[in-house]
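Working notes, structure below.
Quick caveat, the model's predicted, so the values are computed rather than measured. Chain identifiers are assigned alphabetically (A, B, ...) following the order of the sequence lines, protein sequences preceding nucleic acid strands; residue numbering begins at 1 within each chain.
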Amino acid sequence: MRYLVTNQPALFDNSNIEELYDYHIISPQECLRRIDSLTLIGLDTETKGFDPYTKSLLCFQLGDKDNQYVVDMTVDIQLFKNFLEDTKRTFILHNAKFDLRFFLHLRIVITNVFDTYLAEKILYLGYPPGVHEMSLKACCERYLNVTLDKEIRGVIHREGLSARVIKYAADDVKYIVELYAEQMKALAEKDLIKAIEVENKFVVVLAYIEYSGIKLDIQKWKDKMATDKAAFDKAKETLDTWVLQNADDEFISQDLQGDLFLGYSPKKCGISWSSPKQVIPLFESLGFNLIVKDKKTGILKKSVEAKVIEPQLKISPLASLYLDYKQAEKVISTYGQTFLDQINPVSGRIHTQYNQLMDTTRLSSGGKNKDTGEEYINLQNIPSDEITRACFVSSPGHVLIDCDYTAQEDLIFTELSKETKLIEFYNSKEKRDGHSFVAKMCFPKDLDGVPELEVKGKFPKLRSDAKKAKFAIHYGGNGSTIARNLSLPLELGNAIEKSYLTSFPGIHNYFKQVKKEAWERGYILLSPITKHKHYIYNWKELQDTQKSMDQTFWELYRTEKQLDSPLFKNELKPMVTQFVQQKGSIERHAMNYPVQGSSAIMTKVAGVFFFNYLKQNNLLFKVWICNAVHDELLVEAPEDIKDSVANALQWSMEYAGTIFCKVVKLKAVPEMATYWIH
DNA sequence: ATCTGTAGCGCC
DNA sequence: AAAGGGCGCTACAGAT
């Protein structure tokens with residue numbers, strides 16, 4: 001049965017409509033009486049837009065399969081506050097973050113939610129965009145064979161709470177409880193109950209983070225923009241001048257505009273510096289080697305990216321001028337006016353949006369709403385120089401508290417691999433130097449007998465090489481990667497990899513184990529604690545391909561290779577290449593994803609602990625959570641309670657650390673200032 | 001004029 | 001028989 005909950009029954013009291021569309025009109029008090037016994041409740045809202053500060057609710061809907069209640073805005077929503085905040089009830093929503101922001105704006109904090117959108121993402125984590133639809137409509141069709149009419153979104157703004165709008169609004173909560181039940185079965189089968197619990201708890205925090213927003217000092221930002229623009233103009237000018245004075249004629253053009261007035265044609269630089277296509281010939285003419293292998297396709301190509309040019313800086317002064325230009329260009333384009341445009345007119349703050357579940361369970365930030373065209377900035381790649389960070393400030397009477405984990409991924413890696421030398425290193429009471437420690441493992445002969453703390457002074461090159469080598473290996477690289485990154489011969493790269501894996505047998509075994517498991521199971525276990533999983537979406541297909549590569553296949557392969565036949569070139573070789581690339585990619589993911597994923601989940605759990613602290617101490621809407629950047633939380637607190645809030649933040653993060661790391665201890669140190677220190 | 005893919009680079 | 005993880009945004013370049 002459908003109900004319209006309203007304080008103005010006269011407007012809707014039309015018996016014909018009631019017959020036609022089958023709904024009853026009741027008062028909010030009557031509604032509350034009827035829903036009092038419910039413990040699993042579908043919840044949804046219809047709103048006038050996406051931003052709770054500038055747009056308002058049109059209605060909200062509660063209910064289950066038997067009864068649905070559409071509450072219009074003649075009703076004082078605060079009458080429902082106790083009901084909605086009751087933690088003994090579970091509210092089931094699809095993409096809860098959206099609705100929760102609107103309730104937060106009304107100071108209604110719903111904490112016990114089950115998000116069917118997140119559940120579907122958890123069940124199919126790893127599937128590329130578009131391969132597995134996550135919408136409520138798609139889920140209802142998939143699990144319940146029910147087709148929802150989503151046209152309501154457009155209709156409700158035109159005709160308000162008409163009878164058919166009430167029907168469709170009610171439908172959005174009518175089926176979701178059954179959807180929840182079906183998803184729970186699937187989650188239990190895949191051992192994902194713990195994982196969805198974490199995400200359901202965190203979505204409440206994430207809604208609060210988005211609602212909190214962050215304050216940007218407009219004048220500081222404008223000053224920075226002016227400085228950046230001047231630096232960019234100067235960098236461009238310097239490049240142009242260099243070309244006019246040093247480059248071949250083919251890179252210099254006649255300025256035809258000037259011709260008219262001056263009577264002659266002044267020369268000007270003919271290169272658009274933002275166009276790699278135009279810059280590549282210039283660098284080649286100067287003797288740079290720009291040939292690299294494409295990461296995705298493996299095809300050789302030319303590139304002027306920083307990591308290609310940096311090792312060749314000595315060839316021409318143009319190289320460092322160009323890198324300066326690229327940096328200046330990035331700063332003025334990505335970190336400029338768009339930030340000012342996104343300051344909310346009501347809150348005066350920037351409220352960006354976050355995606356809660358990327359392939360490794362990390363958050364991402366930014367994006368664009370395809371329906372409205374609204375754009376959001378990425379708050380996770382703000383340049384870390386102090387001038388830029390100083391533009392993000394606390395409100396008067398408040399401070400910003402930044403807290404990040406020290407070496408979060410290294411410690412998670414130690415926990416997962418159980419490498420005894422790493423455990424010992426991180427638990428050591430003496431003063432240690434991590435990169436020197438690793439250097440001694442990478443270069444056991446060169447550094448034999450050299451005390452760890454003397455490596456930095458005596459062998460700085462080996463130390464920095466070891467740092468890069470460790471980085472490469474932990475991300476799934478190998479000897480050839482190391483050789484390329486350190487500009488060493490392949491044999492040396494291989495030797496470093498071998499030394500590293502021999503010195504750390506626990507790491508070697510761990511890598512072998514996770515690669516094998518991923519391939520056997522069809523998923524990568526992201527956390528042994530929460531059991532989040534990254535599914536290899538085309539695993540069955542890959543298995544079939546592998547099966548087809550039997551002895552007969554390889555005999556054919558060798559024969560055709562000898563002949564260099566069209567069959568080999570057009571079919572066999574591409575097939576093998578694609579298979580080997582995909583398998584290699586999965587194995588690298590298997591080595592890295594659990595580290596990245598466990599870290600991300602740890603930070604989410606820390607966020608949940610901190611949010612609970614705020615709630616229990618009546619500090620919600622007094623203390624804000626402004627940003628989350630993978631291993632870091634940024635909080636804004638009133639000056640007079642800053643120390644206790646900082647302590648709680650530190651405790652939340654370190655306690656979350658103890659859940660995921662048993663053999664080593666995570667540290668998180670808060671720092672406070674009137675701007676974003678990090 | 002608008003869309004799509006690529007190259008490059010900011011953060012962790 | 002390939003060969004460093006995750007993201008999002010901007011410019012260019014080519015297609016429609």
Atom NZ of A:Lys583 and atom CD1 of A:Ile586: how far apart are they, to the nearest 0.5 Å?
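Rounded to the nearest 0.5 Å, the NZ-CD1 separation comes out at 9.0 Å.
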Value rounded to 0.5 Å, distance of CZ in A:Phe339 from CH2 in A:Trp221
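Atom-to-atom, A:Phe339:CZ and A:Trp221:CH2 are 4.5 Å apart.
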Using heavy atoms to find the nearest nucleotide of DNA chain C for A:Ser585 and A:Lys561 separately, return the residue whose nucleotide is more 5′.
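Of the two residues, A:Lys561 wins.
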[N] [atom2] sits how many Å from [X] [atom1], rounded?
X        : N     : atom1 : atom2 : result
A:Gln356 : C:dC7 : CD    : P     : 15 Å
A:Glu310 : B:dG8 : CD    : P     : 13 Å
A:Asn355 : C:dC9 : CG    : P     : 11 Å

State whether the distance check finds a donor on one side and an acceptor on the other, under 3.5 Å, for side chain A:Asn378 versus base C:dG8.
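Answer no: no donor N or O sits under 3.5 Å from an acceptor.
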Side-chain-base donor-acceptor pair under 3.5 Å for A:Arg588 and C:dG5
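Answer is no: no donor-acceptor pair is held.
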Looking across every strand, which nucleic acid part, if any, lies under 4.0 Å from [X] by heavy atom: base, sugar-phosphate, or nothing?
X        : answer
A:Ala306 : sugar-phosphate
A:Val331 : nothing
A:Tyr593 : sugar-phosphate

So, the side chain of A:Lys515 versus the backbone of A:Met591: is there a donor-acceptor pair under 3.5 Å, distance only?
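No; judged by distance alone, with no hydrogens or angles, the pair does not exist.
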Under 3.5 Å, side chain of A:Gln408 to main-chain N/O of A:Ser599, donor-acceptor pair present?
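Confirmed, A:Gln408 side chain pairs with A:Ser599 backbone.
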Decide, yes or no, whether a salt bridge links A:Arg389 with A:Asp385 under the criterion of side-chain N to carboxylate O below 4.0 Å.
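Looking at A:Arg389 and A:Asp385, the cut-off is not met.
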Taking only the P atom of each, what is the distance from C:dA3 to B:dA7 in whole angstrom?
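Per the computed distance, 15 Å lies between those P atoms.
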Phosphate contact (B:dA7 OP1 or OP2) by A:Lys301 side-chain N/O below 4.0 Å
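For A:Lys301, the contact criterion (side-chain N or O under 4.0 Å from OP1 or OP2 of B:dA7) is met.
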Determine, for A:Phe568 and A:Lys561, whether the Lys NZ or Arg CZ falls below 6.0 Å from the six-membered ring centre while staying within 45 degrees of the axis.
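No, cation not above the ring by the 6.0 Å, 45° rule.
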Could you run through nucleotides 10-16 of chain C and give me one letter per nucleotide, 5' to 3': B if any protein heavy atom sits under 4.0 Å from the base, S if only the sugar-phosphate is that close, - if neither?
SSSSS--
